[in-house]
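Here the structure comes first, spelled out in structure tokens, and everything after it is commentary.
In each ligand, atom 1 is the first atom listed, and ligand 1 is the first ligand listed. Just so it is clear, the values below take in all heavy atoms, side chains as well, and ignore hydrogens, waters and symmetry mates. Remember, predicted model here, so these are calculated numbers, not experimental data.
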Amino acid sequence: ERTPTGCPVSRRAADFDPFEDGYQQDPPEYVRWAREKEPIFWSPKLGYWVVTRYDDIKAIFRDNITFSPAIALEKITPTGDEANAVLASYGFALNRTLVNEDEPAHMPRRRALMDPFTPEELKHHEPMVRQLAREWVDRFIDDGRADLVDQMLWEVPLTVALHFLGVPEEDMDTLRKYSIAHTVNTWGRPKPEEQVAVAHAVGNFWQFAGKVLDKMRENPEGGGWMQYGLRKQRELPEVVTDSYLHSMMMAGIVAAHETTANATANAMKLLLQHPDVWRELCEDPSLIPNAVEECLRHNGSVAAWRRIVTADTQVGGVDLPKGSKLLIVTSSANHDQAHFADADFFDIRRDNASDHLTFGYGSHQCMGKNLARMEMQIFLEEFARRLPHMRLAEQKFSYVPNTSFRGPEHLWVEWDPARNPERARP
Ligand code: HEM
């Protein structure tokens, strides 16, 4: 087998399959061989070039003209005619948002929509996040056992995301139901018989997102990011387009929800796998902000991202012809010894932890990163204060097979409720 540039494909490159359990369980470990010996390789199974080193990935992020993000939301597994017909029947037209928008359209739109992400604006959401976290912990704190994903971490970031976007309360449940289908549709490998069901769910999600947006148009004075976008549209109609708003109404839920839910589940799993570190953090919660960064580096929730090459170029000495599709394995970059000393070591005091590429880098770097950080810090603070004695239960972790969004589907923890600190307080 040969690469599109005519070189032979190595055995390991030929075997690379990101839908396999090995990649799901531990992406940086799965591509360790590449990071060490063949940092950019062609994957015949995926039809992508796979990039694994920190410096190469940063260089790609830095140049969003040569390395366009246009394919970031493209279906990684092309669907069959039947599923495509189903999507078309719903008028599905998810298009450019921000994350997959090229210049010169991207930057003016990003700037126009940035204000709701400033630290002062984000502060307004803090009490809501804190209150939700407390209420959800209240429900299971006396049980001695909980699945943190099902019983809290999936729901709370979704509720925060819906509030942040400005979705009316009465529409939240319907949007909750649809949101997972988008992940499977975009980054997964649904079997042919599943594709049609996924297409119906995505089609419904698309139409419902449109209805919610129409409702917001009637009352664009609301406090959410989408209403902010609707007001900006009046000022800058060619920057904030209808297609953008409808696409973001759908993609924004996933961007803000699953990323953060998974990141917190990954963080708690990692911390509880290191009971000494968890104890230290419970004793000194001022360690939490850097611990969040280290968790995002070591075990982040976005494992890989995508770019497409717009002109013949080279990365790390490898020729990449125009049209090449790149899977940039940011989770591997985060374990690159060349950038992080003792890279596999989990060190919540690491001084360059925040150099991780889990939020991307450069002009498309995650706009929601400080909202995500705030949520994660609050969840960890609440767990550390109220359940410092929790431990990981015996379990096998499962993941939704896809290239990019990664977090355990369940996270079972146990503790002795008799030892809950709040029972000892008068
Ligand atoms: C972009 C990850 C949470 C909104 C991105 C990108 C990544 C990412 C990898 C693409 C970066 C690039 O191309 O350089 C994450 C992770 C999160 C998270 C790991 C949680 C831990 C959020 C939240 C929001 C959000 C809470 C809130 C709305 C966005 C937006 C973009 C983006 C709007 C597009 C920015 C642009 O292209 O200019 N995120 N994200 N994200 N994210 Fe996040």
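The closest protein non-hydrogen atom to atom 37 (O) of ligand 1 is His364 ND1, 2.7 Å. The single protein non-hydrogen atom nearest to atom 2 (C) of ligand 1 is Thr358 O, 3.6 Å, given as residue, atom name and distance.
Contact annotation for Tyr361 and ligand 1: only backbone heavy atoms (N, CA, C, O) come within less than 4.0 Å of the ligand. Neither the backbone nor the side chain of Ala161 comes within contact range of ligand 1; no heavy atom lies under 4.0 Å.
Note on ligand 1: His106 sits in its first shell, one or more heavy atoms being nearer than 4.0 Å. Using a 4.0 angstrom heavy-atom cutoff, Gly362 does not count as in contact with ligand 1. The closest approach between a heavy atom of Ala72 and any atom of ligand 1 is not below 4.0 Å. At a 4.0 Å cut-off, at least one heavy atom of Arg307 sits close enough to ligand 1 to count as contact.
The side-chain tip of Lys269 points at the ring of Phe397 from less than 6.0 angstrom away and within 45° of straight on. Cation-pi geometry between Lys58 and Tyr361 is met: under 6.0 angstrom from the ring centre, within 45 degrees of the axis. In this structure, Arg297 forms a cation-pi arrangement with Phe340, its terminal cationic atom sitting closer than 6.0 Å to the ring centre and no more than 45° off the ring axis. Figure legend: cation-pi geometry between Arg307 and Phe67 absent, as NZ or CZ is not positioned both under 6.0 Å from the six-membered ring centre and within 45° of its axis. Annotation: cation-pi geometry satisfied between Arg145 and Trp412 (NZ/CZ under 6.0 angstrom from ring centroid, within 45° of ring axis).
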Audit row: His356, Glu293, side chain to side chain donor-acceptor pair (under 3.5 Å) steps and yes/no: CA-CA 8 Å; His356 66 74; Glu293 293 310 310; 2.9 Å; yes
Check the pair Arg32, Asp26 against salt bridge (Lys or Arg N to Asp or Glu O under 4.0 Å), reporting the backbone distance first and the verdict last. CA-CA 10 Å; Arg32 174 187 299 280; Asp26 192 346; over 6 Å; no
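Each of the atoms 10 (C), 13 (O) of ligand 1 lies under 4.0 Å from some heavy atom of Trp305. Close contacts of ligand 1 with Ser363, meaning ligand atoms under 4.0 Å from a residue heavy atom, involve 38 (O). Near Phe61, meaning under 4.0 Å from one of its heavy atoms, ligand 1 places the atoms 12 (C), 13 (O), 14 (O). Atoms of ligand 1 lying under 4.0 Å from at least one heavy atom of Ala263, given by number and element, are 21 (C). Shown in contact with Trp225 at under 4.0 Å from a heavy atom are these atoms of ligand 1, numbered in order with element: 33 (C).
Side-chain atoms of Glu375 and Thr260 form no donor-acceptor pair, as typed in the model, at a separation below 3.5 Å. One side chain, Glu20 or Tyr30, offers a donor N or O that lies under 3.5 Å from an acceptor on the other. Between the side chains of Gln233 and Asp242, at least one donor N or O sits under 3.5 Å from an acceptor N or O.
Between His298 and His335, the ring centre distance stays below 6.0 Å.
Distances between N or O atoms of Arg110 and those of ligand 1 include at least one value under 3.5 Å. Among the atoms of Gly252, none of the N or O lies under 3.5 angstrom from an N or O of ligand 1.
For atom 43 (Fe) of ligand 1, the nearby protein N/O/S atoms, meaning those under 2.8 Å, are Cys366 SG.
Of the listed residues (Arg134, Arg130, Gln131, Arg373), just one forms a side chain to side chain contact (heavy atoms under 4.5 Å, CB included) with Ile378, and that residue is Arg130. Just one residue in the list Val156, Thr159, Ile141 forms a side chain to side chain contact (heavy atoms under 4.5 Å, CB included) with Trp136, and that residue is Val156.
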